[in-house]
**Q** 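Please read through the structure below; I'll follow up with questions.
In what follows, every chain begins at residue 1, and chains take the letters A, B, ... in the order their sequences are listed.
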Protein chains: 2
Amino acid sequence: MENEKVSPIDRQDAYGKITGKAKYVDDLKFPGMLYVQTVRIPVPHARILHIDSSEALKLKGVVRVLTAKDVFGRNHLPNDKPVLAAEAVKCTGDGVALVVAETKSLALKAAKLVKVEYEELPAIFTPEEAFEPGAPILHGDSNCAITHKTVKGNIAEGFKEADVILEREYATQRAMHAAIEPDGAIVVPEADGISVYCPGKGPFNVKRAVAAACGLSENRVRLIQPAIGGAFGGKDCDINVIASRAAMAAMLTGRPCKMTWSREEVLLEGSKRHPFKLKYKIGAKKNGHITAIEINGLVDVGAYITKSKATIWRATVEATGPYNIENVSTTIVGAYTNNVYSDAVRGFGSPQVDFASESLMSELAKELGMDPLEIRRLNAYREGSITATSQELKSVNLIECLDKLEQVFPLHEKPAALQEGKVRGRGISCIFRGEANGAGVTTLDAAAVNIHIERDGSVTVLTGIAEMGQGGSNIVLQMVSKTLGVSIDHLKVSPLDTAYLPDSGATVGSRGTITSGNAAVVAAEDAKIRIAKVVAEAWSVASEELIFENNSIFTKNKEKQISFQDAITLCYTKLPGVFGYGWWSLPPVWWDFDKNCGDTYASFNYGACGAEVEIDLSSGKVEIIDLVAIHDVGRVLNEPEVKGQIAGGASMALGFTLTEEVVIQKGQVKTLNFDGYLLPTTLDFHNFRPMPLEPKQPGVNPLGVKGIGESSTATLAPAVINAIENALGVRIRKLPADLESVFAAIQESERLGSINDENQQIKDLRFSSLNSVNGSEEPERMLKGGETQ
Amino acid sequence: MENEKVSPIDRQDAYGKITGKAKYVDDLKFPGMLYVQTVRIPVPHARILHIDSSEALKLKGVVRVLTAKDVFGRNHLPNDKPVLAAEAVKCTGDGVALVVAETKSLALKAAKLVKVEYEELPAIFTPEEAFEPGAPILHGDSNCAITHKTVKGNIAEGFKEADVILEREYATQRAMHAAIEPDGAIVVPEADGISVYCPGKGPFNVKRAVAAACGLSENRVRLIQPAIGGAFGGKDCDINVIASRAAMAAMLTGRPCKMTWSREEVLLEGSKRHPFKLKYKIGAKKNGHITAIEINGLVDVGAYITKSKATIWRATVEATGPYNIENVSTTIVGAYTNNVYSDAVRGFGSPQVDFASESLMSELAKELGMDPLEIRRLNAYREGSITATSQELKSVNLIECLDKLEQVFPLHEKPAALQEGKVRGRGISCIFRGEANGAGVTTLDAAAVNIHIERDGSVTVLTGIAEMGQGGSNIVLQMVSKTLGVSIDHLKVSPLDTAYLPDSGATVGSRGTITSGNAAVVAAEDAKIRIAKVVAEAWSVASEELIFENNSIFTKNKEKQISFQDAITLCYTKLPGVFGYGWWSLPPVWWDFDKNCGDTYASFNYGACGAEVEIDLSSGKVEIIDLVAIHDVGRVLNEPEVKGQIAGGASMALGFTLTEEVVIQKGQVKTLNFDGYLLPTTLDFHNFRPMPLEPKQPGVNPLGVKGIGESSTATLAPAVINAIENALGVRIRKLPADLESVFAAIQESERLGSINDENQQIKDLRFSSLNSVNGSEEPERMLKGGETQ
């Protein structure tokens, strides 16, 4: 299987989505369905004193008003949040009560009539405030939600060896997935439990969360996934909240209950990307060899921990960037605040540290007067490199990515803007990223695929890996198709339904293709062995003689041949059924919490990015003129899909880099719709060149595939920011680099005369003053909002 | 497992059905759903000339009128019937067109406006007419739908050895299942195929039928079974018809389409039990030893063959009754007529031949002056007996059944009616019956059960065997519960859905418990091995040391113990998933169509019945005073359920015996509702004693279970008819023994002075005249409707 070419296939869910036949959760209706609306209060931290629902209940058609007292299971979701706040709200998004009504408009109207009496409490709005003496403690005995460390070598010795030491601070903002379809769920009471209809990346996790919230055993909660209107890693913790609320309403009324969030509610209560503040100190020899790096991060976890442990753990182990450094110390602390909770947004901690470390590498190159590509190549991970967590790396393809970048991206040519008042620059970045769950998760990283072959030779494919709209099901179909030699139109994946499918974990950490792709091969091989045995016996040949191809089975010498369908008919006279079962697990990994080291991920992928930007000097508007995204994705099973994933990741990264920010002031979300939260569109890329790289080094899994869902979001921000710096000679260290930030940089560059304008030759990238070794006095260090403490 | 006691459990579906939470197909609604009504013509045989739907289409809300031209797949269902008649109708039930409308009443109204121009053709109303010269040929080149034979020994030699030869003719009527819920289906168009919601015993068969009718591959038709409101072996071929019609409407309109039959439509078009006419000739020694039997049957197949082959094959191989006879010749012929089609109604051919053969045995006993129990015991199958098909029998428990009957039923005591004008009598019967599909079906007789164990230790159980309302799912739950030592409330069976579950065949031939019960044990053992390995490793003991009981796992010496839930938590850290997969097949059987012999079934069950009846001499009303139903059911897994099955079977048999008949005159169904088709109620049994017998002889399957769904319907009719004969001294040989038949028998008995009235001692069962050796001149031979030619 490993070396054979697999043909790409069309997206199997495209037809339904294009024709409108695909049903999203908001399209579903059930007889007698009620609508559930969350009641919230407009303060970020308050003690709830009394809830008066009498006025709301007077409205005809209002069926129930529910509060925390009505939660009959555990009022504590796995993400640490209550289904409904019992004693206190900890951020403005928190739900205090639910109105259940015959129509949605009635539910909205009644929600405003629920009177909540509360006592406002002192609140925390930044991680720094969280650790101030006298700060209110939000959970347990400290606002420190989590501290993760990695330690390698001796940091003090490392800095002693350095010729130059740079200290820099970077900051990233609160962002979000912004799927077209807002989150929602419908819960239907059944005779023996409940059925939950909702989109999401972790249906089995939602099932467990709802079961606990409702006091039901897990097998009495059935989760059925309708079509999903975008997720990108979202539709996770928020779906737990929504489904649990709809479930309690459904169980208490005995009727189907629907809760769908408006866009405002998604912004108000929905999870956001963790804002990071990162302090980097790096030491290097004059030749560019890095001797030590020290990283300290402070992260706004928000009001509840959600997936902050896993996110911050990943950020910690990846914070150095893909470089061979002898002496490392990384500490990242997550702090509770009274802001809306932070969660794993596509990239899961990587985009934040990659922005910082790759900005830093270009700063170091400039400081040392080196080519930014060369300094990266010099320090880059290679086969057998030891990471910051003391893991020995195998199948390392970073140098190939950098070589490819050099080949296709004209970093060393001078870019010139075509219009007056505009200026261009080029920048690059490179990354490594651990694949799948990694050692931060205690259960095995496994998935199952089962196949049932029907009597007419068509094949039903079952997998517990949720399709998130990215085409993950295609990979499973391709693997089954290829292994059984059956064309793709003979196959169909059954919709995700936890009442039937094997729990295969969530579609997170870019693990979908690796786990389900390999499981699909195991399942198809299992079926193939069964079929081959029957056919081989009928022909009196050895099973190994048989080839499955072109919807047929034949002997190597082609003397005997049977159509796949006829073979299945034969099998049904000899076998109890024709099926294949496949489970596949990633090799185990480990983490030593005492020594702060370990084998973090079974494998890593690598990437490199080159960006050319054009800046409008009058407005600060940044256009992406050219973007090359090179990713070591392992074996390419479906090139259009891989490129689509790279494009999607880059698009999200572009918003993260230039426009998107959920603004929260004193705990109040100010950007409550897409008029304030600005998304990029397809028009924002002028020339996008996704380049999946099939590496020479095979991967650790039999199929040789790697994940691409998230590394695609990690490279763009530093490449673009480095390009802006290349254009203006001024560095932006806080995201997003929005119009105001870029315009301030333009003004600074005019003051410094550092601009790379259209009539000017590109600056010599090797030029550097070296006059400011530790960089602490550089005026351009932080251009937005002052220092990032 | 074999010798351990299994505790019965409550019906797991009872709660939903009692509270109304269970949803039947008619309870389901889908947005935009349309209603489909069949258009029929009032003649049994006609050529269709023209269909004019213009008037119907003028009605606002009528969306489409469809005819055979709109069937885009194969217009020929597996039961030989077209989805819609293309050129000709062959019985009055046939569908000619479909009206698709926004409401049901509109569809009904519009159906009357569809004008069908046709030419009436000569029709056949009896099997005898089918073979008359010049009869119209309904299919192929002959109206002979099927001929089945069995031959053993030399029939002529056998009769030579006989001291007495009796010839008798028996007839059974057209009956039906009469489930409370009429048949129906809803078909929903999906992006990648269709979903069919319908009740039924063979969901995978319906899926295949609909796929063929719609020109879809099997994996693109998904069948979801809602709650089922009675089936008893029904909801089979008719569901194919209904689902295919709704499917074509759904595919052509792109909207969900519902077709539910009214009671009248069920009677008009729905399948019926085959009417049999059977001629028996039996020869015996004076001591009661049977030397030869010759059986000729003629069966009304109706307009289409449906499951007639399997039904008539079964009737043929079981026609002798459970007796060791050296010389046998059986021939049963099925003929096409223009009556509504006959299908496998609970019992699948057995009740018809058992009525005849067991009536005959009592007639022979009387003829020979023998005790009816003794003559049966004398000739009964025993271990190693060779059947009429030359199969050697194992695990034969018939003598145990007869011994039990003698012990519990006072056959030899004189029954006396307590009221004047009434008279009582007692009769018995015994049967054998092949289990499961038998050699008449070419695919393996297999089922699968898979289990997924959730992280909280609750268990999801998956089986492709359809629950028909009889509690079949309970058996699967009990087996998993017992094997894993987990209490029943931790388990849940997922609803039947062909998109996920392994094709396990239909719930027919009393195969459900045997196949799925054994598969459940295999699946649970598979999971148990996995779990035991993890626990044993953790404890450093051998897996074999572990006992699974009381929701715990412990070592034999009880030194170590862990809760099942904790063990599962442990497993999830070591295994990719915690699951068990189980397939199980019955041992293979065979049939030689040239020699008319074979091993028909892997095993048989046995039964005996005693009935005491009271007859109202003024009306002919027959009351069942006492009914003992003894059945060798193998191992009893759930005694209340087994008794419930026996009671249900007896209840259906009572209707078959005394009241139920679908009357068709000149092809027109005259009994179009329950006012004409008379069902028994629970008040019709005065003392019902179901007695499952756990035999000493183990069965052929590891679990030791046998089926009881159908043998329970086979013993009552002859026992009751023998009891009526005992009371009146007059024999009824045609079913049903309705008021008119019994009243005629009363009149005849008064004429003969043969009545066993309340003041009269019971007739000596050993008394016999022996004056009419071949019985051909007996005046009481046929009391209803003359000879049954």
**Q** Using a cut-off of under 4.5 Å on heavy-atom pairs, state which of B:D445, B:T460, B:D192 scores highest against chain A.
**A**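 Looking at each of B:D445, B:T460, B:D192 in turn, B:D192 comes out on top.
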**Q** Is chain B contacted by the side chain of A:N450, its backbone, both, or neither, given a heavy-atom distance below 4.5 Å?
**A** side chain
**Q** For A:S585, which atoms come within 4.5 Å of any heavy atom of chain B: side chain, backbone, both, or neither?
**A** side chain
**Q** According to the salt bridge (charged side-chain N to carboxylate O under 4.0 Å, His left out) rule, which pairs have a member within residues 12-25 of chain A, sequence neighbours left out?
**A** A:R11-A:D13, A:D13-A:K17
**Q** May I ask you to name which of A:A191, A:S458, A:P189, A:G505 has the most heavy-atom pairs under 4.5 Å with chain B?
**A**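 Winner by heavy-atom pair count: A:S458.
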**Q** Measuring heavy-atom distances to chain B, does A:R455 have an atom under 4.5 Å in its side chain, in its backbone, in both, or in neither?
**A**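 Both backbone and side chain.
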**Q** Tell me, out of B:L501, B:T19, B:V461, who's got the most heavy-atom pairs with chain A below 4.5 Å.
**A** B:L501
**Q** Select, from A:A499, A:P588, A:A446, the one with the greatest count of heavy-atom pairs under 4.5 Å involving chain B.
**A** A:A499
**Q** Let me confirm one number: the CG-CG distance from B:D489 to A:N219, rounded to the nearest 0.5 Å.
**A**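 Answer rounded to 0.5 Å: 9.5 Å.
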**Q** Quick one: pull up NZ in B:K492 and CG in A:L216 and give me the separation to the nearest 0.5 Å.
**A**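 Going from the NZ atom of B:K492 to the CG atom of A:L216 covers 9.5 Å.
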**Q** Please look at B:R208 and chain A and tell me whether the side chain, the backbone, both or neither of the residue comes under 4.5 angstrom of a heavy atom of that chain.
**A** side chain
**Q** If you check every heavy atom in residues 574-583 of chain A against those of chain B, which residues fall under 4.5 Å?
**A**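 Listed by number: A:K574, A:L575, A:P576, A:G577, A:F579, A:Y581, A:W583.
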**Q** Can a donor-acceptor pair be found, under 3.5 Å and without considering hydrogens, that links the side chain of B:S217 to the backbone of A:H490?
**A** no
**Q** Taking side chain as everything from C-beta outward and backbone as N, CA, C, O, which of these in A:P495 sits under 4.5 Å from a heavy atom of chain B? Side chain, backbone, both or neither.
**A** both
**Q** With respect to chain B, which residue among A:G16, A:P502, A:A22 yields the maximal number of heavy-atom pairs within a distance under 4.5 Å?
**A** A:P502
**Q** Should the heavy atoms of other residues, nucleotides or ligands under 6.0 Å from NZ of B:K104 be counted, would the total exceed 12?
**A** yes
**Q** Using heavy-atom distances under 4.5 Å, tell me whether A:P31 contacts chain B through its side chain, its backbone, both, or neither.
**A**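 The side chain, not the backbone.
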**Q** Taking side chain as everything from C-beta outward and backbone as N, CA, C, O, which of these in A:R220 sits under 4.5 Å from a heavy atom of chain B? Side chain, backbone, both or neither.
**A**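 Both backbone and side chain.
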**Q** Donor-acceptor check, side chain of B:S494 to backbone of A:Y500, threshold 3.5 angstrom: yes or no?
**A**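 Here the side-chain-to-backbone pair does not exist.
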**Q** Can you tell me which portion of A:L491 sits under 4.5 Å from chain B's heavy atoms? Options are side chain, backbone, both or neither.
**A**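 A:L491 touches chain B through backbone heavy atoms alone.
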**Q** Any donor-acceptor pair under 3.5 Å linking the side chain of A:D456 with the backbone of B:E218?
**A**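 Here the side-chain-to-backbone pair exists.
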